[in-house]
Amino acid sequence: MAVSKDILTWYEGAWHRGNAPIIGAADHAAWLGSQVFDGARQFDGARPDLDLHSARIIRSARAMGMLPPIDAETVQGLLEEGCAQFAEGTALYLRPMMWARDSGLGVIDIAPDSTAFAICIEALPMPEPGGFSLTVSPFRRPRPDMALTEAKASALYANNGRIMAEARARGYSNALSLDADGYVAETASTNVFMVRDGVVFTPVPNGMFLAGITRARVIGLLRADGVEVVESSLTLDNFDQADEIFVTGNIAKVMPVARYQDRVFDATPMADRARVLYWDYALSRERHLV
Ligand code: PMP
């Protein structure tokens, strides 16, 4: 995804300006989809939870059966090194990636020790809240025995991509998708929260959606601020009765939903509160500025 013209790539021990080629035509990932990635952020000089994002790509690679050629600390150090090459204050999307080059004996399986690594860092402004709309997708999310859901695997984004495209075609920003059991899972690119009578609810992790790093951070911050947060199985009926809905994810951190189906939310006090808490957390120099 080239989201920007201002791109820096780390590949085979060196930084390259621009959208550098990294995958060979015969690489396993190029035709069989064996790629994992993670996404972190720099904004206002902060890189919240960079250590957790650096650790998750290692876990994703292992979940896919790869042997990561690098450890989490080194990934984090390289991400920090890359950020330093952009003008100060630039908002950045930091994306480490791993993929398999070679096949195993069965051709469609991977050779674990052929794992390659690259980083792509792209200039990407933080989206502003205001116009984010949500619908309900006709497409569901698979169980862990149907797809490799424990990895942040690029292959899963074929399904997420069609969820997004179908929502966009109907004029919405994104869509809730249900899991294989009919409960709300997440959107195509974020986790989801709803508010009812001052209590915050979010789907309980069940292996059918990415239980995100931002999700966990926001739950912790809200609870520390005295808000009751409940993780449970949620239905579309629950969302129909929500006083407020918001989504969390690396790209925008906390984003209030301004419109859900044909319902417009005039005020989003809990999302606003979660955003303030998140930004306070991210910008607290002692803990997170590097
Ligand atoms: N779900 C999906 C499908 C995502 O792509 C993302 C973004 N990585 C998230 C949830 C949010 O996860 P995180 O907060 O760890 O970025």
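Values in this document were obtained by computation on a predicted structure and should not be read as measured data. Atoms within each ligand, like the ligands themselves, are counted from 1 in listed order.
Ion pairing between a basic and an acidic side chain is recognised when a charged N comes within 4.0 Å of a carboxylate O; Arg17 and Asp6 show such pairing. A salt bridge is defined here as a Lys NZ or Arg NE, NH1 or NH2 lying under 4.0 Å from an Asp or Glu carboxylate O, and Arg41 with Asp49 fails to meet this definition. A salt bridge does not link Arg162 with Glu166: none of the charged nitrogens is closer than 4.0 Å to a carboxylate oxygen.
In this structure, Arg215 is not positioned above the aromatic face of Tyr278 in the sense of NZ or CZ being under 6.0 Å from the six-membered ring centre and within 45° of the axis.
Atom CG of Leu236 sits in a crowded spot, with more than 12 heavy atoms from other residues, nucleotides or ligands closer than 6.0 Å.
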Let me have the donor-acceptor pairs involving side chains of residues 198-212, under 3.5 Å, with sequence neighbours excluded, atom names and distances please.
unit_1, atom_1, unit_2, atom_2, d
Thr202, OG1, Val192, O, 2.6
Asn206, OD1, Met208, N, 2.9
Asn206, ND2, Asp179, OD2, 2.9

Expected rows: ligand 1 N/O, protein N/O, dist below 3.5 Å:
unit_1, atom_1, unit_2, atom_2, d
ligand 1, 1 (N), Glu186, OE1, 2.6
ligand 1, 5 (O), Lys152, NZ, 3.3
ligand 1, 5 (O), Tyr157, OH, 2.5
ligand 1, 8 (N), Lys152, NZ, 2.8
ligand 1, 14 (O), Ile213, N, 3.4
ligand 1, 14 (O), Thr214, N, 2.9
ligand 1, 14 (O), Thr214, OG1, 2.5
ligand 1, 15 (O), Arg56, NH1, 2.7
ligand 1, 15 (O), Arg56, NH2, 3.0
ligand 1, 15 (O), Ile213, N, 2.8
ligand 1, 16 (O), Asn250, N, 3.0

